[in-house]
Amino acid sequence: MSTHDTPLAPLADALGDRLLTPDHPAFAETTTVFVGGPPRTPAAVARVRSAAEIATALAAAQEAGLPVAVRAGGHHQSRHALVDGGLVLDLRLLDGVEIDAAAGVGRAQGGALAGPYTAAAGEHGLATGFGDTGSVGVAGITLGGGIGYLSRRYGLTVDNLLGAEVVLADGRVVRADADENPDLYWALRGGGGNFGVVTRLDLRLHEVGTVTGGMMMWEPSPEGLATILRTLAEGPEELSGMVNVMLAPPAPMVPEELRGKPVLMALLCHSGSDAAATLAPLRELKPLLDGVAELPYPGLFGGGGPAPGGIGDLRTGFLGEGTWSPDEAWATAAIEAVSAAPGPAAVNIRPMGGAIARVDAAATAFAHRDPAFMVSVGGNALASDGLPAAQEWTATAADALGVEGRGYVNFMGTATQDDVRNAYPEPTLARLREIKRTYDPENTFASTHNILP
Ligand SMILES: Cc1cc2nc3c(=O)[nH]c(=O)nc-3n(C[C@H](O)[C@H](O)[C@H](O)COP(=O)(O)OP(=O)(O)OC[C@H]3O[C@@H](n4cnc5c(N)ncnc54)[C@H](O)[C@@H]3O)c2cc1C
């Protein structure tokens with residue numbers, strides 16, 4: 001297909017060979033994302049390089065009546081980055097990162113990834129907390145919330161967003177921060193990709209040099225899991241991380257005899273000085289593997305290679321409050337669920353609290369400030385005919401573990417209006433809709449957990 005003589009012709013003139021149609025050799029790569037699934041074939045992909053080109057692309061899509069999707073790291077489980085028959089704005093050429101150590105601010109363009117940003121900041125002994133994976137997009141993780149290795153100490157990524165530059169649906173380029181368009185600034189901190197294309201994010205940097213972190217793995221015992229979770233909930237704020245109840249992956253560091261067997265696997269980061277004492281209860285559980293050691297913070301963000309293309313479902317909810325942690329009965333249910341999964345599966349448990357809980361629930365569009373834990377249940381399949389069984393397992397396991405009712409938009413495998421209502425408490429959703437009517441009244445940015453105008 002050629003864009004010549006179509007409503008996309010002006011865009012083809014502006015972008016040249018950076019407007020890709022399905023016959024282009026690079027089209028398959030630009031439309032491959034981290035999670036696999038039924039084919040979604042966009043009409044074209046615009047590999048934009050500036051806010052001006054984004055505005056041109058948005059105008060062309062509107063003129064052509066095409067739906068729009070925004071793609072950066074390509075990691076969202078709901079595959080928002082692809083829209084059938086629409087125009088994908090691929091931001092990956094907009095990947096600049098600037099670390100202003102003197103000002104304590106990191107500036108990332110809209111398609112930058114967490115790994116390169118973390119490496120650049122690390123050269124100055126500084127960091128902004130994202131998640132645990134370097135190939136995730138900075139904007140994508142930030143717009144949904146951003147929970148990871150530094151969250152209990154320095155808050156979610158949204159709590160460190162100082163301001164952003166945004167291309168709105170009508171092509172205007174605006175600033176959103178505490179002084180300019182504060183309503184948009186509020187909405188960007190949890191409201192996802194609903195309001196415009198973010199071309200720059202200004203993020204607060206913290207002094208984070210050498211940390212104690214890495215992976216530990218244990219036998220799947222309920223007492224052990226309850227102890228690990230209690231240690232995380234009650235530990236100092238310098239300790240963040242996550243625990244997976246999962247089938248051991250075929251990774252190089254995992255001994256052959258453990259692969260495919262249920263295990264407890266934690267990814268940990270202690271950014272303070274008393275790590276040995278804090279981690280002692282975890283070591284008393286006699287880990288099968290203990291890779292936790294001192295290392296420069298960016299060392300935790302290794303890997304994050306090409307898209308694995310796995311197919312699956314993902315549900316997320318929140319449990320408890322304060323320093324509460326799940327008991328052995330809950331731990332037993334988690335281990336039993338994973339042991340009975342029809343394919344690769346994990347229950348992922350992340351401690352919250354600390355700096356996350358010190359932010360008022362109304363201060364940002366991410367409103368889940370009180371819970372003690374975020375719990376995600378993910379069932380996967382090796383091929384598409386295994387998807388129904390993976391979905392059924394995910395739903396059953398999520399119900400058994402009390403993962404229901406409220407969710408985190410960055411960890412949701414579906415994007416229905418029920419999911420949107422689950423992700424945002426009523427007052428938050430009402431305010432998001434009001435702001436959507438101001439900044440995107442025609443709902444141009446719908447390929448996301450869509451806030452309806
Ligand atoms: C392996 C893996 C590990 C993860 N780990 C964590 C973690 O530790 N913590 C955590 O909180 N989350 C984590 N996530 C979830 C991740 O934060 C979300 O999936 C996020 O949306 C990914 O952003 P992306 O750019 O990579 O994905 P994409 O699929 O490219 O983007 C997702 C959506 O975000 C929006 N978006 C992205 N960039 C822009 C932009 N510049 N302007 C406007 N909208 C934009 C768009 O709606 C887009 O469709 C993980 C996901 C995976 C697959």
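As the structure lists them, so they are numbered: ligands from 1, and atoms in each ligand from 1. Note that the coordinates shown come from a computational prediction; the quantities given were computed from them, not determined experimentally.
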pair Tyr117-Leu113: side-chain heavy atoms closer than 4.5 Å: no

Could a heavy atom of Gly148 be found less than 4.0 Å from some atom of ligand 1? no

Using non-hydrogen atoms of the residue, decide whether Phe411 is closer than 4.0 angstrom to ligand 1. yes

Need the ligand 1 atom indices (1-based, order shown) with element for anything under 4.0 Å from a heavy-atom of Leu143. 43 (C), 44 (N), 45 (C)

Tell me the protein heavy atom at minimum distance from atom 41 (N) of ligand 1, and give that distance in Å. Val198 O, 2.9 Å

Could you tell me, atom by atom, which parts of ligand 1 come under 4.0 Å of a heavy atom of Arg71? 30 (O)

Taking the non-hydrogen atoms of Arg350, is any one of them nearer than 4.0 angstrom to ligand 1? yes

One thing to verify: whether Asp159 and Arg369 come together as a salt bridge, which I'm taking to mean a side-chain N less than 4.0 angstrom from a carboxylate O. yes

Numbering as shown, the atoms of ligand 1 that approach His80 to under 4.0 Å (heavy-atom distance): 49 (O)

For ligand 1, which atoms sit closer than 4.0 Å to a heavy atom of Gly193? 44 (N), 47 (O)

Could you check whether any side-chain heavy atom of Asp132 comes within less than 4.5 Å of a side-chain heavy atom of Arg350, counting everything from C-beta outward? yes

Measure the distance from atom 23 (O) of ligand 1 to every protein heavy atom, then report the residue, atom name and distance (to 0.1 Å) of the closest one. Gly140 CA, 3.4 Å

Ligand 1 versus Leu91, non-hydrogen atoms closer than 4.0 Å: side chain, backbone, both, neither? side chain

Nearest-neighbour protein heavy atom for atom 10 (C) of ligand 1, which is reported as residue plus atom name and distance: Ile141 CD1, 3.4 Å

Under-4.0 Å salt bridge between Glu404 and Arg315: no

So, is Ala72 polar-close to ligand 1, with some N/O to N/O distance under 3.5 Å? yes

Judged by non-hydrogen atoms, does Gly146 sit under 4.0 Å from ligand 1? yes

Nitrogen or oxygen of Gly131 less than 3.5 angstrom from that of ligand 1: no

List the closest protein heavy-atom neighbour of atom 48 (C) of ligand 1: residue, atom name, distance to the nearest 0.1 Å. Val70 O, 3.1 Å

Ion pair Asp84/Arg40, N-O distance below 4.0 Å: no

Do His206 and Asn160 pair up side chain to side chain, a donor and an acceptor below 3.5 Å, judged on atom types alone? yes

Using a strict cut-off of less than 4.0 Å between a Lys/Arg side-chain nitrogen and an Asp/Glu carboxylate oxygen, indicate whether Arg92 and Glu29 qualify as a salt bridge. yes

Does any N/O atom on Asp132 come nearer than 3.5 Å to any N/O atom on ligand 1? yes

Value for OG1 (Thr118) from CG (Leu126), rounded to nearest 0.5 Å, stands at 11.5 Å

For the CD atom on Gln417, are there more than 12 heavy atoms of other groups (residues, nucleotides or ligands in this structure) within a distance under 6.0 Å? yes

Just to confirm my output: which protein heavy-atom neighbour is closest to atom 32 (C) of ligand 1, and how far is it? His76 CB, 3.7 Å

Ligand 1 contact by Val33, heavy-atom criterion under 4.0 angstrom: no

Assign the ring pair His80 / His76 to parallel, tilted or perpendicular, where the plane angle (0 to 90°) is split at 30° and 60°. tilted

Applying the side-chain contact (heavy atoms from CB on, under 4.5 Å) test to Tyr439, which of Thr444, Asn181, Asn194 qualifies? Asn181

salt_bridge(Glu237, Arg358) N-O dist < 4.0 Å: yes

Under 4.0 Å from a heavy atom of Thr133: give me the atoms of ligand 1 that qualify, with their elements. 3 (C)

Nearest protein heavy atom with distance in Å, relative to atom 25 (O) of ligand 1: Gly73 N, 2.9 Å

Of Asn450, Ile147, Thr448, the one whose closest heavy atom lies nearest atom 7 (C) of ligand 1 is Ile147

To the nearest 0.1 Å, how far is atom 43 (C) of ligand 1 from its closest protein heavy atom, and which atom is that? Gly196 O, 3.3 Å

Name the option, out of Asn194, Val35, Val136, that contains the heavy atom nearest to atom 50 (C) of ligand 1. Val136

Are Arg107 and Asp100 within salt-bridge range, i.e. N to O under 4.0 Å? yes

Using a strict threshold of under 4.0 Å (side-chain N to carboxylate O), is an ion pair present between Asp202 and Arg175? yes

Which atoms of ligand 1 sit under 4.0 Å from any heavy atom of Tyr408? 10 (C), 11 (O)

Among all protein heavy atoms, pick out the one at the shortest distance from atom 52 (C) of ligand 1; state its residue, atom name and that distance to 0.1 Å. His75 CD2, 3.7 Å

